[in-house]
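Reading through the structure tokens given below for one structure.
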Amino acid sequence: MEQPGERAPAPGSLLLVQDLANTVELESAEDQLRTPADLEAWARQHALPRLTFDADDLAAALVLREALRDACQAHTGTRLPDAAAAKLEQLLGAAPLLLAIDAEGGAAVRPTAGLRGTAALTAHIAAGIAGAVADNTWPRLKACAAHNCRWVYYDRSPAGRSRWCTMAVCGSRAKMRAYRSRAT
């Protein structure tokens, strides 16, 4: 998926989270997930080919998407809304993970076998987040601070303090608004 400002996509395990969060563009209201079939096609494109979804799964996936966007927004210094935290806890609680040890002694977190629909999707998302927490990349997945954008991007800046998906558009608009408010 093309990123604003020619940013590179999120690394490895965070790409699934980023791509789910960015299935809707708030400014244009273009949503890639309008039907369960859209969600199934999206899952196949992200190497989750055996997942099927019904209308309830789609509704839950959209809740997951927005709660993840809120969590990424919190990485810019805002507070995760209580409602979003509760939704994430509920969805993640229905998506158990398993710590698997391979023959060489390596360990990986993966979804528990037998999960279906949104629970399976959420477990894959959770496994990705767990990996990102372990390698300390999770806090760098952020949502643009512009209320009409909130595009989720990966902050590769040295200090990790980026607030906008791109300075050329959202950052510039915010700085112009701040300038105008000071000038009046």
Side-chain angles (χ1 to χ4, degrees), residues 1-3 9-76 78-100 108-134 137-154 165:
M1 179 176 289
E2 188 175 325
Q3 303 297 313
S13 65
L14 286 178
L15 186 58
L16 186 64
V17 180
Q18 181 184 33
D19 283 354
L20 178 62
N22 290 336
T23 56
V24 65
E25 289 192 36
L26 299 180
E27 202 165 40
S28 66
E30 289 181 40
D31 194 337
Q32 296 173 31
L33 305 179
R34 295 177 311 274
T35 68
D38 292 340
L39 184 54
E40 288 174 10
W42 181 89
R44 279 192 308 277
Q45 291 170 353
H46 289 83
L48 305 172
R50 293 187 181 106
L51 297 184
T52 59
F53 302 95
D54 60 22
D56 291 338
D57 289 317
L58 175 62
L62 298 180
V63 168
L64 175 64
R65 174 179 73 188
E66 295 312 312
L68 287 169
R69 187 188 311 270
D70 286 339
C72 292
Q73 186 82 53
H75 294 158
T76 65
T78 63
R79 188 176 189 289
L80 177 63
D82 292 340
K87 294 288 184 188
L88 282 171
E89 186 173 322
Q90 175 188 9
L91 290 164
L92 292 167
L97 298 174
L98 174 71
L99 179 61
V109 176
R110 63 177 171 81
T112 301
L115 294 176
R116 301 190 188 297
T118 304
L121 173 61
T122 303
H124 284 282
I125 294 280
I129 292 171
V133 168
T137 56
W138 172 238
R140 287 190 174 255
L141 192 64
K142 300 178 178 183
C144 182
H147 72 280
N148 62 335
C149 178
R150 299 190 70 216
W151 188 262
V152 173
Y153 64 94
Y154 189 77
C165 62

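Excluded from the calculations below are hydrogen atoms, water molecules and symmetry mates; all remaining heavy atoms, backbone and side chain alike, are included. Owing to the predicted nature of the structure, the values given are computational and were not obtained by experimental measurement.
Between atom CZ of residue Arg110 and atom NE2 of residue His124 there is a gap of 10.0 Å, rounded to the nearest 0.5 Å. Interatomic distance, CZ of Arg34 versus CG of Leu62, reported as 11.5 Å (0.5 Å rounding). Rounded to the nearest 0.5 angstrom, Thr23 OG1 and Leu33 CG are separated by 4.0 Å. The CG atom of Leu39 sits 10.0 Å away from atom CG of Asp54, with the distance rounded to the nearest 0.5 Å. Residue Leu58 holds its CG atom at 8.0 Å from OG1 of Thr118, rounded to the nearest 0.5 Å. Of the inter-residue distances, the one linking Trp42 atom CH2 with Asp19 atom CG reads 6.5 Å to the nearest 0.5 angstrom.
Considering every non-hydrogen atom in both Ala95 and Ala119, the closest pair reads CB-O, 3.3 Å. Of all the heavy atoms in Cys165 and Trp151, the pair that sits closest is CB-CB, 4.1 Å. The two atoms that bring Ala143 and Tyr153 nearest to each other are C-CE2, 3.9 Å, heavy atoms only. Nearest heavy atom pair, residue Leu14 against residue Gly128, reads CD2-O, 4.5 Å. A pairwise comparison of heavy atoms in Ala71 and Leu88 identifies CB-CD1, 4.1 Å as the closest pair. For the pair Ala67 and Leu80, the tightest heavy-atom approach, listed with the atom from each and the gap, is O-CD1, 4.4 Å.
Residues Arg150 and Asp70 are in side-chain contact: their nearest non-hydrogen atoms beyond the backbone lie under 4.5 Å apart. For the pair Arg116/Asp57, no side-chain contact is recorded, criterion being any heavy-atom separation below 4.5 Å from C-beta on. Counting heavy atoms from C-beta outward, Ile129 and Leu68 have side chains that approach closer than 4.5 Å. Leu16 places a side-chain heavy atom less than 4.5 Å from the side chain of Leu48. In this structure, Leu115 and Pro96 have side chains that are in contact, with non-hydrogen atoms separated by less than 4.5 Å.
Between the His75 side chain and the Leu141 main chain, a donor and an acceptor come within less than 3.5 Å of each other. Proximity of a side-chain donor or acceptor of Gln18 to a complementary backbone N or O of Val152 within less than 3.5 Å is detected. Between the side chain of Glu40 and the main chain of Phe53, a donor-acceptor pair closer than 3.5 Å is present. Asn148 places no side-chain N or O within 3.5 Å of a backbone atom of Glu27 that could act as its donor or acceptor partner.
Here the options are Arg65, His46, Gln32, the test is side chain to side chain contact (heavy atoms under 4.5 Å, CB included), and the partner is Leu20; only Arg65 passes. Shown are Leu92, Thr122, Val109; of these, the side chain to side chain contact (heavy atoms under 4.5 Å, CB included) with Leu97 is made only by Val109.
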Set out, in order, the CA-CA distance, both residues' side-chain angles and the distance that settles side chain to side chain contact (heavy atoms under 4.5 Å, CB included) for Val24 and Arg69, then state yes or no.
CA-CA 11 Å; Val24 65; Arg69 187 188 311 270; 3.0 Å; yes

